[in-house]
J.: 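Handing you a structure now.
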Amino acid sequence: MFGLKKRELTEDEKYIKDIIQYFSENDNVKKLISPISEEYFLIDDENQIYICIGNGNFSLSNHKFLYEKVFNLSFTEELKKQVRHNMEIEMQTLKKSLFKNETDLLDKVLNIVNNAKKGQILNHDFVSNKKLVHGQA
């Protein structure tokens with residue numbers, strides 16, 4: 001019906017999209033969200049690269065340079081979506097590891113309980129305490 005044509009990305013947008021993809025997929029990069037301003041931060045302390053994605057604006061800096069630019073809101077929303085997607089993957093991985101730790105803890109405690117119970121059970125040799133009558137027990 002309406003053939004909305006997707007607009008071509010500018011050179012800057014292509015570079016920024018690739019940069020966001022790289023940094024959002026990197027596990028060593030901190031990913032933070034400011035809930036009120038809805039700004040997304042990617043912090044690479046090792047390389048001293050800091051990225052902020054806001055509502056229609058983008059900034060990238062290191063200890064010497066600052067790149068800031070205003071973009072179409074739909075473009076920055078796509079960048080945020082990419083960051084959210086990778087944050088979700090990291091959180092699900094974290095969740096799995098947390099619950100694995102809990103089940104490991106339960107398993108260890110259960111083993112301690114079972115070993116403690118085994119130590120309290122007296123194994124009595126009932127046969128040796130019976131008096132033999134004519135060689136039979």
Side-chain angles (χ1 to χ4, degrees):
M1 188 166 158
F2 292 104
L4 293 178
K5 189 173 159 184
K6 193 171 184 178
R7 73 174 184 85
E8 264 313 295
L9 296 177
T10 66
E11 286 298 312
D12 280 2
E13 289 172 334
K14 289 177 185 175
Y15 289 136
I16 290 169
K17 186 176 178 182
D18 289 342
I19 289 168
I20 294 302
Q21 182 174 354
Y22 171 78
F23 283 102
S24 67
E25 291 176 354
N26 188 333
D27 292 338
N28 296 323
V29 172
K30 286 187 245 175
K31 297 156 194 76
L32 305 170
I33 299 173
S34 179
I36 295 173
S37 66
E38 294 184 17
E39 292 177 315
Y40 287 64
F41 297 90
L42 301 170
I43 301 170
D44 182 355
D45 287 325
E46 183 179 332
N47 295 307
Q48 297 180 345
I49 296 173
Y50 311 99
I51 298 170
C52 177
I53 306 165
N55 293 323
N57 57 9
F58 174 86
S59 63
L60 181 139
S61 66
N62 64 10
H63 63 284
K64 291 184 179 182
F65 299 102
L66 171 66
Y67 172 90
E68 286 185 305
K69 192 161 183 180
V70 175
F71 289 101
N72 187 320
L73 184 59
S74 64
F75 176 69
T76 55
E77 286 303 316
E78 279 298 314
L79 298 177
K80 289 179 182 182
K81 184 178 177 181
Q82 176 72 37
V83 175
R84 277 193 309 270
H85 175 74
N86 287 295
M87 288 178 81
E88 182 65 24
I89 291 170
E90 287 181 16
M91 292 302 106
Q92 292 303 319
T93 303
L94 175 64
K95 182 179 173 181
K96 287 178 186 176
S97 71
L98 291 175
F99 286 114
K100 181 174 181 353
N101 290 342
E102 289 176 352
T103 55
D104 287 347
L105 173 64
L106 291 174
D107 187 48
K108 286 179 184 178
V109 171
L110 182 61
N111 285 335
I112 291 170
V113 169
N114 286 337
N115 288 337
K117 284 182 179 180
K118 287 179 185 175
Q120 293 176 357
I121 296 174
L122 298 175
N123 291 328
H124 191 63
D125 186 7
F126 294 107
V127 175
S128 63
N129 288 338
K130 292 184 180 179
K131 294 183 181 178
L132 294 176
V133 179
H134 301 356
Q136 294 179 353

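Hydrogens, waters and symmetry mates play no part in the numbers below; they use all other heavy atoms, side chains included. Positions are given from 1 along the sequence.
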J.: Do D44 and N47 meet the criterion of a side-chain donor-acceptor pair at a distance under 3.5 Å?
T.: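 A donor-acceptor contact under 3.5 Å links the two side chains.
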J.: As an exercise, state the distance from OH of Y67 to CD1 of I16, rounded to the nearest 0.5 Å.
T.: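 That separation rounds to 4.0 Å.
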J.: Cut-off 3.5 Å, side chains only: do Q92 and E88 have a donor facing an acceptor?
T.: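 A donor-acceptor contact under 3.5 Å links the two side chains.
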J.: Which heavy atom of E90 sits nearest a heavy atom of N26, and at what distance?
T.: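 Looking at all heavy atoms of both residues, the shortest contact is OE2-O, 4.1 Å.
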J.: Can you name the nearest heavy-atom pair linking T76 to I53, along with the distance?
T.: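 Closest approach of T76 to I53, heavy atoms only: O-CG2, 3.8 Å.
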J.: Hey, are R7 and E13 close enough for a salt bridge, meaning a charged N less than 4.0 Å from a carboxylate O?
T.: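 Answer for the salt bridge query: yes.
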J.: Can you measure from CD1 (I33) to OH (Y40) and round to the nearest 0.5 angstrom?
T.: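 One gets 4.0 Å once the value is rounded to the nearest 0.5 Å.
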J.: Count I, L, V, M, F, W, Y as connected when their side-chain heavy atoms are under 4.5 Å apart, and connections chain through other members. Are F41 and L79 then in the same cluster?
T.: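 In one cluster: no.
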J.: Output the distance between atom NZ (K17) and atom CZ (F75), rounded to the nearest 0.5 Å.
T.: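 It is 8.0 Å, given to the nearest 0.5 Å.
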J.: Side chains of S74 and N72: is there a donor and an acceptor less than 3.5 Å apart?
T.: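 The criterion, which ignores hydrogens and geometry beyond distance, is satisfied for N72 and S74.
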J.: Please find the pair of heavy atoms, one from I51 and one from I20, that lie closest to each other, and give the distance.
T.: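 Closest pair (atom of I51, atom of I20, distance): CG2-CD1, 3.7 Å.
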J.: Going from OG on S24 to NE2 on H85, what distance comes out if it is rounded to the nearest 0.5 angstrom?
T.: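 With rounding to 0.5 Å, OG (S24) is 8.5 Å from NE2 (H85).
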J.: Could you grab the distance from atom CG of L32 to atom NZ of K30, nearest 0.5 Å is fine?
T.: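 One gets 7.0 Å once the value is rounded to the nearest 0.5 Å.
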J.: Roughly how far, to the nearest 0.5 Å, is NZ of K31 from CE of M91?
T.: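 The NZ atom of K31 is 8.5 Å from CE of M91, to the nearest 0.5 Å.
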J.: Give the minimum heavy-atom separation between E39 and G54, together with the two atoms involved.
T.: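 Result for this residue pair: CG-CA, 4.1 Å.
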